[in-house]
Every structure is written in C-alpha cells, then in structure tokens.
Amino acid sequence: MPAMSQIERTFCRSAPWRAFTRGMILPWVLGAEPLVGDVLEIGSGSGAMAAAAVERFPDVRFTATDADPAMVDAATTRLAPLGDRADVRLADSTALDFADDRFDAVLSFLMLHHVLEWEQALAEVVRVVRPGGYFIGYDLLDTPPARLIHRLDGSAHHLFPLSALRAAVAGLPVETLEVAAGLGGLVARFRLRTDG
C-alpha cells in the first residue's frame, strides 16, 4: 500500500480540510444514514473524518485505520481525547486484520484510488461488515483534473471510472443503494448494504 505524498499529508492535516469535512463532506456522504455500533474507517488519514463522525454520532465505537504510519500517528493524536470511543490502527485495506462480520458500518473517504488493488479492498470491506451493515463513502473518479493533481503530487494511485466501480460492486454480495457520480462528475458517492 502506498503512503500519502507530502502534499496530501499536509492538506489532510490542515484546518480548512477539517472544517470542510465536518461541515460539508460528512453530511453529504452519509445523508440521513445514522451510524450506530462499531464503525470502521479505512484510509482515515489524519482522523478528521473520524473525529467528525464520532462528534455527530456519539454512540458509535470507531476504529480508524490507515496504511501510512505518519497518518496513523496524526490520527492517534487527534482522536486521543475521545478515549475508548476511538481506536487507531495501521492497516492494509486489501488484507484487513479483523474478523468476518465485525463492523456495523465501514466508511471510506477519498482513499480507494490510492489502493492499487482497490477491488480487493472492496471485497475485504464486505467481509468485515455484518449482514445488513453498510459500506458508505466517496472517491475520486478517473477525470483529467484528478489525473493532473496526482501527477503533480507524485502519489501512487489507481483512478477508476464510474463504470469500473459499478462493475466491481455488482460482483459483491451487497445491495446497491447508490453508486453515482457527484460534484460535476469528479467523484463517486457510494452507499452499499451487505446481504443479510
């Protein structure tokens, strides 16, 4: 699993990104879907989304994971005030070290395109979500702006078109609630429920 570029690390830790995630991104991605129980975030970066989610849903027990040790350290610091309501771990999203059916929901915010084998990450997520649980998130699509940004920052990535995401989801044991382009076709928002 590739680590974030220095540009991405800096952006992910910035106050404007934290404010944007809390006020705009999290409500847009989750919609009216409440989070309950045990929630996992793959690719949590600095923990901005995790902190916003725990603040919005105070009854969840949150596990934030990332493959980049620097981001795990940043998230650990950010989530420390939440005590035992949040745990942070180093994890590879293509080989999650969690039991089957462990979580009520898994969240992913702008990270799948950093996973070269993102289809395997999808399968791993479905494996660790309880029957009737959710996989919710959004990601960049393969567009000229996304390709330019990632070429400039030099980060490893595997951008995909919406059709590839839909095809990968169709092969999973999930009910597709939504897999749709958003923000002018720059991103895909997805909401899946595992068969149960």
Side-chain angles (χ1 to χ4, degrees), residues 11-68 71-91 93 96-112 114-115 121-122 124-140 169 172-180 182-183 187-196:
F11 179 72
C12 188
R13 292 176 176 162
S14 71
W17 176 245
R18 288 192 307 272
F20 187 60
T21 59
R22 178 173 278 111
M24 300 292 289
I25 297 295
L26 189 67
W28 174 70
V29 172
L30 294 179
E33 205 67 59
L35 293 178
V36 296
D38 294 308
V39 177
L40 171 68
E41 181 183 3
I42 57 172
S44 62
S46 67
M49 296 297 267
V54 173
E55 178 182 291
R56 184 172 174 188
F57 302 101
D59 294 329
V60 301
R61 292 170 304 281
F62 207 94
T63 301
T65 65
D66 204 283
D68 184 338
M71 290 294 97
V72 169
D73 290 345
T76 299
T77 300
R78 173 163 287 131
L79 300 177
L82 299 173
D84 62 359
R85 293 184 49 222
D87 182 33
V88 182
R89 297 189 193 181
L90 186 67
S93 62
L96 293 170
D97 190 21
F98 298 107
D100 294 357
D101 306 331
R102 166 71 175 81
F103 295 97
D104 296 292
V106 176
L107 307 177
S108 172
F109 303 103
L110 279 183
M111 70 74 61
L112 283 176
H114 288 290
V115 180
L122 293 178
E124 274 294 277
V125 165
V126 171
R127 179 186 66 77
V128 302
V129 176
R130 293 178 181 132
Y134 294 90
F135 179 35
I136 302 170
Y138 82 110
D139 216 299
L140 289 175
V169 166
L172 297 171
V174 297
E175 175 187 356
T176 301
L177 304 175
E178 177 182 26
V179 177
L183 302 178
V187 301
R189 180 169 67 171
F190 47 89
R191 295 153 57 88
L192 313 172
R193 184 168 45 226
T194 55
D195 291 344

A.B. asks: What pair of heavy atoms forms the shortest contact from G37 to D104, and how long is it?
C.D. replies: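 Smallest heavy-atom distance, with atoms named: CA-OD2, 3.3 Å.
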A.B. asks: Report, as yes or no, whether the 6.0 Å neighbourhood of atom CG on D97 holds more than 12 heavy atoms from other residues, nucleotides or ligands.
C.D. replies: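 Counting neighbours around CG of D97, 12 or fewer heavy atoms of other residues, nucleotides or ligands fall under 6.0 Å, so no.
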A.B. asks: What's the shortest heavy-atom distance between M111 and D139, and which atoms?
C.D. replies: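 Smallest interatomic distance, heavy atoms only, reads N-OD2, 3.1 Å.
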A.B. asks: Can you find a pair of side-chain heavy atoms, one from L192 and one from V126, that are under 4.5 Å apart?
C.D. replies: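 No, side chains not in contact.
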A.B. asks: Within this structure, what is the OH-OG1 distance for the pair Y134 and T194, rounded to the nearest 0.5 Å?
C.D. replies: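 If I round to the nearest 0.5 Å, the distance is 9.0 Å.
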A.B. asks: How close do F62 and A53 get, counting heavy atoms only, and between which atoms?
C.D. replies: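 So the minimum-distance heavy-atom pair works out to CE1-CB, 3.8 Å.
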A.B. asks: Yes or no on side-chain hydrogen bond (donor to acceptor under 3.5 Å, both in side chains) for R89 and T63, after CA distance, side-chain angles and deciding distance?
C.D. replies: CA-CA 7 Å; R89 297 189 193 181; T63 301; 5.6 Å; no
A.B. asks: Show the nearest heavy-atom pair for residues M49 and I25, with the distance to one decimal.
C.D. replies: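 That closest heavy-atom pairing would be CE-CG2, 3.3 Å.
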A.B. asks: For the residue pair Y138 and W28, categorise the inter-ring angle as parallel (less than 30°), tilted (30 to 60°) or perpendicular (more than 60°).
C.D. replies: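 Plane angle over 60°, so perpendicular.
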A.B. asks: Checking side-chain contact (heavy atoms from CB on, under 4.5 Å) for the pair R56/L26: CA distance, chi angles, key distance, verdict?
C.D. replies: CA-CA 9 Å; R56 184 172 174 188; L26 189 67; 4.3 Å; yes
A.B. asks: Spell out, as yes or no, whether a donor-acceptor pair under 3.5 Å connects the side chain of D66 to the backbone of M71.
C.D. replies: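 Flag not set: sc D66 to bb M71 has no pair under 3.5 Å.
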A.B. asks: Is there a donor-acceptor pair closer than 3.5 Å between any side-chain N or O of R85 and the backbone N or O of L79?
C.D. replies: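 No: the side chain of R85 does not pair with the backbone of L79.
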A.B. asks: Using a 4.5 Å cut-off on heavy atoms from C-beta on, say whether the side chain of I136 contacts that of L177.
C.D. replies: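 L177 vs I136: side chains apart.
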